[in-house]
Amino acid sequence: MQIKGIHHVSALTANAAKNLDFYTDTLGMRLVKKTVNQDDTSVYHLFYGDYKGNAGTELTFFEIPMAAPNHEGVNSISSVSLRVPSDEALSFWKKRFEKHNVDHEEIKERAGRNTLAFRDFEGQRLALVSDENNHGVKGGQPWEKSPVPQEYGIVGLGPVQLTVPAADPTIDVLTNILGFSQASNYPSAIPGQPDIQVYEVGEGGTGAEVHIEERTDLPPERLGRGGVHHVAFRVEDDEELHGWITKVTEARFPNSGFVDRYYFRSLYFRERNRILFELATDGPGFDTDEDINHLGESLALPPFLEGQRDRIEAGLKPLPVIKS
């Protein structure tokens with residue numbers, strides 16, 4: 001069994017309409033699925049990705065309309081990065097962020113790559129990372145109808161940063177359960193704090209890294225809008241997922257067991273610093289129930305929710321239609 005890299009990251013928003021505008025219009029990602037949270041069908045679950053929502057390109061949001069602001073701290077997924085093709089692309093994005101009044105930093109080197117940190121309208125901590133010298137998991141293909149030129153477009157998820165009060169328990173899970181290995185480390189931007197440690201899996205590279213930040217000066221995070229709910233890692237298929245369920249259970253981690261999300265199958269468990277991990281299959285994919293040329297235009301429901309469509313739609317505020 002081999003974890004292949006990052007599958008998706010799921011975060012929280014309090015405003016689905018503004019979220020849709022920012023991630024499709026400002027960031028130029030494609031809305032590949034407009035559906036609902038299968039565990040709470042009263043709220044939207046929006047999926048953004050490359051042209052077809054390939055595994056490794058998906059950034060998703062649960063809408064929690066009354067969610068309080070996120071209070072940053074440890075035991076958290078503290079930053080999510082998005083891959084762009086080149087250093088030149090970062091210069092394009094810096095100018096675009098200035099034009100669209102997006103809160104951003106300067107272009108900086110992190111872990112040997114040029115990056116551009118920024119925040120969305122709810123303070124979601126994000127960074128663009130250049131793939132110019134990347135060797136490892138290949139990126140996706142930007143949507144050709146994006147408002148962002150394809151040569152600068154987002155090609156997938158990059159490294160995910162975890163901030164924890166003690167690094168060793170999380171590292172133990174990554175290495176001894178999930179098969180990650182240490183790749184490098186780099187200095188923390190916070191004086192007096194340990195170096196940030198870089199772990200990679202599978203082919204490695206920007207699409208397969210987790211960065212571990214140990215912080216002794218922060219309280220536990222209180223998750224709210226602008227925070228990240230969980231990170232998912234890629235497994236090949238259902239057969240491998242069942243193998244991982246056995247392995248995680250034998251390691252005595254309470255877990256969800258096999259969960260059918262229709263667009264992929266999943267396993268959920270919390271690592272030792274209480275961060276929620278998911279293992280998710282690469283398929284079947286988001287074009288299972290919609291034509292690839294019309295992804296995200298209508299509310300999509302998996303078959304086990306289709307009989308509740310009238311009730312579900314009645315409880316949701318309509319969102320603008322992003323035409324393909």
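If you read the sequence from its start, that first residue is 1, and numbering goes on from there. Keep in mind it's a predicted model, so treat the numbers as computed, not measured.
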Chemist: Enumerate the residue pairs fulfilling ring pair (Phe, Tyr, Trp, His ring centres under 6.0 Å) with a member in residues 133-156, sequence neighbours excluded, ordered by first and then second residue.
Modeler: Phe92-Tyr152
Chemist: Tell me whether Asn134 contacts the main-chain N or O of Thr206 through its side chain, where contact means a donor paired with an acceptor under 3.5 Å.
Modeler: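 It does hold such a pair.
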Chemist: Would you check if the side chain of Lys4 reaches a backbone N or O of Gly202 as a donor-acceptor pair within less than 3.5 Å?
Modeler: no
Chemist: What residues, two or more places apart in sequence or in another chain, satisfy side chain to side chain donor-acceptor pair (under 3.5 Å) together with Asn54?
Modeler: Asp50
Chemist: Between Leu178 and Ile3, which heavy-atom pair has the shortest distance, and what is it?
Modeler: O-CG1, 3.4 Å
Chemist: Check Ile77, Leu267, Leu174 against Phe277 for a side chain to side chain contact (heavy atoms under 4.5 Å, CB included) and give me the one that passes.
Modeler: Leu174
Chemist: Does any non-hydrogen side-chain atom of Tyr44 lie less than 4.5 Å from one of Asn37?
Modeler: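 No; the side chains remain at least 4.5 Å from each other.
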Chemist: So, taking the atom named NE2 in His242 and the one named CE in Met1, what distance separates them when rounded to the nearest 0.5 Å?
Modeler: 12.5 Å
Chemist: Does the ring centre of Phe61 sit less than 6.0 Å away from the ring centre of Phe47?
Modeler: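 Phe47 vs Phe61: aromatic centres not under 6.0 Å.
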Chemist: Does His230 have any ring-ring contact (aromatic ring centres under 6.0 Å, His included) partners at least two apart in sequence or in another chain, and if so, which?
Modeler: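 Once residues adjacent in sequence are excluded, the partners of His230 under the ring-ring contact (aromatic ring centres under 6.0 Å, His included) criterion are His8, Tyr268.
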Chemist: Could you check whether Lys138 pairs with Asp131 (Lys NZ or Arg NE/NH1/NH2 to Asp/Glu carboxylate O, under 4.0 Å)?
Modeler: no
Chemist: Tell me whether Leu241 shares a hydrophobic cluster with Val259, the cluster being built from Ile, Leu, Val, Met, Phe, Trp, Tyr side chains joined at under 4.5 Å.
Modeler: no
Chemist: Tell me, with the steps shown, if Lys34 and Glu313 meet salt bridge (Lys or Arg N to Asp or Glu O under 4.0 Å).
Modeler: CA-CA 12 Å; Lys34 177 169 59 178; Glu313 288 188 332; over 6 Å; no
Chemist: Would you say the side chains of Asp40 and Ser42 form a donor-acceptor pair under 3.5 Å?
Modeler: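 Yes - a donor-acceptor pair under 3.5 Å links their side chains.
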Chemist: Looking only at non-hydrogen atoms, find the nearest pair between Gln124 and Leu12 and report the distance.
Modeler: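 Distance-wise, the nearest heavy atoms are NE2-O, 4.0 Å.
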Chemist: Tell me the side chain to side chain donor-acceptor pair (under 3.5 Å) pairs involving residues 89-100, sequence neighbours left out?
Modeler: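 Of all non-adjacent pairs touching residues 89-100, those that pass side chain to side chain donor-acceptor pair (under 3.5 Å) are Lys94-Glu98.
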Chemist: State, yes or no, whether a side-chain contact exists between Val160 and Ile6 at a heavy-atom distance under 4.5 Å.
Modeler: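 They are in contact (side-chain heavy atoms under 4.5 Å apart), so the answer is yes.
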Chemist: Going by the rule side chain to side chain donor-acceptor pair (under 3.5 Å), which residues pair with Ser266 if we only count those two or more places apart in sequence or in a different chain?
Modeler: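 Applying side chain to side chain donor-acceptor pair (under 3.5 Å) to Ser266 gives Glu278.
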Chemist: Can you find a pair of side-chain heavy atoms, one from Val164 and one from Val74, that are under 4.5 Å apart?
Modeler: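 No; the side chains remain at least 4.5 Å from each other.
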Chemist: Output every pair passing ring pair (Phe, Tyr, Trp, His ring centres under 6.0 Å) with a member in residues 195-214, not counting sequence neighbours, ordered by first then second residue.
Modeler: Tyr186-His211
Chemist: Do Thr57 and Leu157 have side chains that get closer than 4.5 Å, going by heavy atoms?
Modeler: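 Thr57 does not reach Leu157 side chain to side chain.
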Chemist: Is the ring centre of His7 less than 6.0 Å from the ring centre of Phe233?
Modeler: no
Chemist: Show me, pair by pair, the donor-acceptor contacts under 3.5 angstrom made by side chains of residues 108-117, not counting sequence neighbours?
Modeler:
{"unit_1": "Lys108", "atom_1": "NZ", "unit_2": "Glu105", "atom_2": "OE1", "d": "3.4"}
{"unit_1": "Arg110", "atom_1": "NH1", "unit_2": "Thr115", "atom_2": "OG1", "d": "2.3"}
{"unit_1": "Arg110", "atom_1": "NH2", "unit_2": "Glu105", "atom_2": "OE1", "d": "3.0"}
{"unit_1": "Arg113", "atom_1": "NH1", "unit_2": "Glu209", "atom_2": "OE1", "d": "3.0"}
{"unit_1": "Arg113", "atom_1": "NH2", "unit_2": "Glu209", "atom_2": "OE2", "d": "2.6"}
{"unit_1": "Asn114", "atom_1": "ND2", "unit_2": "Asp87", "atom_2": "OD1", "d": "3.4"}
{"unit_1": "Asn114", "atom_1": "ND2", "unit_2": "Asp87", "atom_2": "OD2", "d": "3.2"}
{"unit_1": "Thr115", "atom_1": "OG1", "unit_2": "Lys108", "atom_2": "O", "d": "2.9"}

Chemist: Shortest non-hydrogen contact from Glu213 to Thr163?
Modeler: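 That closest heavy-atom pairing would be OE1-OG1, 2.5 Å.
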Chemist: Does a donor on one side chain sit under 3.5 Å from an acceptor on the other, for Asn273 and Thr170?
Modeler: yes
Chemist: My understanding is that only residues two or more places apart in sequence, or in another chain, count here; which of them pass side chain to side chain donor-acceptor pair (under 3.5 Å) with Glu203?
Modeler: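 In terms of side chain to side chain donor-acceptor pair (under 3.5 Å), with neighbours along the sequence ignored, Glu203 is linked to no residue.
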Chemist: Would you say CD of Glu88 has more than 12 non-hydrogen atoms from neighbouring residues, nucleotides or ligands within 6.0 angstrom?
Modeler: no
Chemist: Using the ring-ring contact (aromatic ring centres under 6.0 Å, His included) criterion, which residues pair with His294? Sequence neighbours excluded.
Modeler: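 For His294 there are no ring-ring contact (aromatic ring centres under 6.0 Å, His included) partners, ignoring immediate neighbours.
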Chemist: I'd like to know if the side chain of Arg309 and the backbone of Leu299 have a donor-acceptor N/O pair within less than 3.5 Å.
Modeler: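 The answer is yes, because a donor-acceptor pair under 3.5 Å joins these two groups.
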Chemist: Got a salt bridge between Lys247 and Glu250, using NZ or NE/NH1/NH2 to carboxylate O under 4.0 Å?
Modeler: no
Chemist: Got Val43 and Pro65 here, is their nearest side-chain heavy-atom distance under 4.5 Å?
Modeler: yes
Chemist: Determine, stepwise, if the pair Ser181 / Glu200 fulfils side chain to side chain donor-acceptor pair (under 3.5 Å).
Modeler: CA-CA 6 Å; Ser181 59; Glu200 67 178 10; 4.9 Å; no
Chemist: For Glu214 and Gln193, work out which heavy atoms get closest and say how close.
Modeler: O-OE1, 3.5 Å
Chemist: With rounding to the nearest 0.5 Å, note down the distance linking CE in Met66 to CZ in Arg225.
Modeler: 9.5 Å
Chemist: Kindly indicate whether the side chain of Thr24, heavy atoms from C-beta on, has any atom under 4.5 Å from the side chain of Met29.
Modeler: no
Chemist: Do NZ/NE/NH1/NH2 and the carboxylate oxygens of Glu221 and Arg125 come within less than 4.0 Å?
Modeler: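 Yes, this pair counts.
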Chemist: Quick one: side-chain contact (heavy atoms from CB on, under 4.5 Å) partners of Thr249, sequence neighbours excluded?
Modeler: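 Listed in chain order: Ile245, Asn255.
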Chemist: Could you tell me whether the side chain of Thr26 reaches within less than 4.5 Å of the side chain of Val102, counting heavy atoms only?
Modeler: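 Sidechains of Thr26 and Val102: in contact.
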Chemist: Is there side-chain contact between Arg83 and Ser130, with heavy atoms separated by less than 4.5 Å?
Modeler: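 Side chain of Arg83 against side chain of Ser130, heavy atoms only: no contact under 4.5 Å found.
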Chemist: On a heavy-atom basis, which atom in Val148 and which in Gly28 lie closest, and how many Å separate them?
Modeler: CG2-CA, 3.9 Å
Chemist: Going by side chain to side chain donor-acceptor pair (under 3.5 Å), name the residues that satisfy it together with Glu132, two or more places apart in sequence or in a different chain.
Modeler: none
Chemist: Show the nearest heavy-atom pair for residues Arg234 and Gly56, with the distance to one decimal.
Modeler: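 Taking Arg234 first and Gly56 second, the nearest heavy atoms are CD-N, 4.2 Å.
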Chemist: Closer than 4.0 angstrom, basic N to acidic O: yes or no for Glu122 and Lys18?
Modeler: no
Chemist: Go through the steps for Thr13 and Glu63 under the test side chain to side chain donor-acceptor pair (under 3.5 Å), then give the verdict.
Modeler: CA-CA 5 Å; Thr13 181; Glu63 185 193 34; over 6 Å; no
Chemist: Look at the rings of Phe286 and Phe264 and say which category their plane angle falls in: under 30° parallel, 30 to 60° tilted, over 60° perpendicular.
Modeler: perpendicular
Chemist: Have a look at Thr41 and tell me which of Val36, Leu316, Leu301 forms a side chain to side chain contact (heavy atoms under 4.5 Å, CB included) with it.
Modeler: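 Per the side chain to side chain contact (heavy atoms under 4.5 Å, CB included) rule, the option paired with Thr41 is Val36, out of Val36, Leu316, Leu301.
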Chemist: Any chance the side chains of Asp289 and Tyr263 put a donor and an acceptor closer than 3.5 Å?
Modeler: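 Side-chain D/A pair, Asp289 to Tyr263: present.
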Chemist: For atom CZ of Arg311, is the number of surrounding heavy atoms from other residues, nucleotides or ligands below 6.0 Å larger than 12?
Modeler: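 Buried by this count: over 12 neighbours within 6.0 Å.
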Chemist: Indicate whether the side chain of Asp120 and that of Tyr23 have a donor and an acceptor atom separated by less than 3.5 Å.
Modeler: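 The criterion, which ignores hydrogens and geometry beyond distance, is satisfied for Tyr23 and Asp120.
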Chemist: Return yes if some donor-acceptor pair links the side-chain N/O of Thr35 with the main-chain N/O of Ala300 below 3.5 Å, else return no.
Modeler: yes
Chemist: Going by atom types only, do Thr281 and Arg265 share a side-chain donor-acceptor pair under 3.5 Å?
Modeler: no
Chemist: What residues form a side-chain contact (heavy atoms from CB on, under 4.5 Å) with Arg272, not counting sequence neighbours?
Modeler: Pro169, Asp172, Val173, Phe253
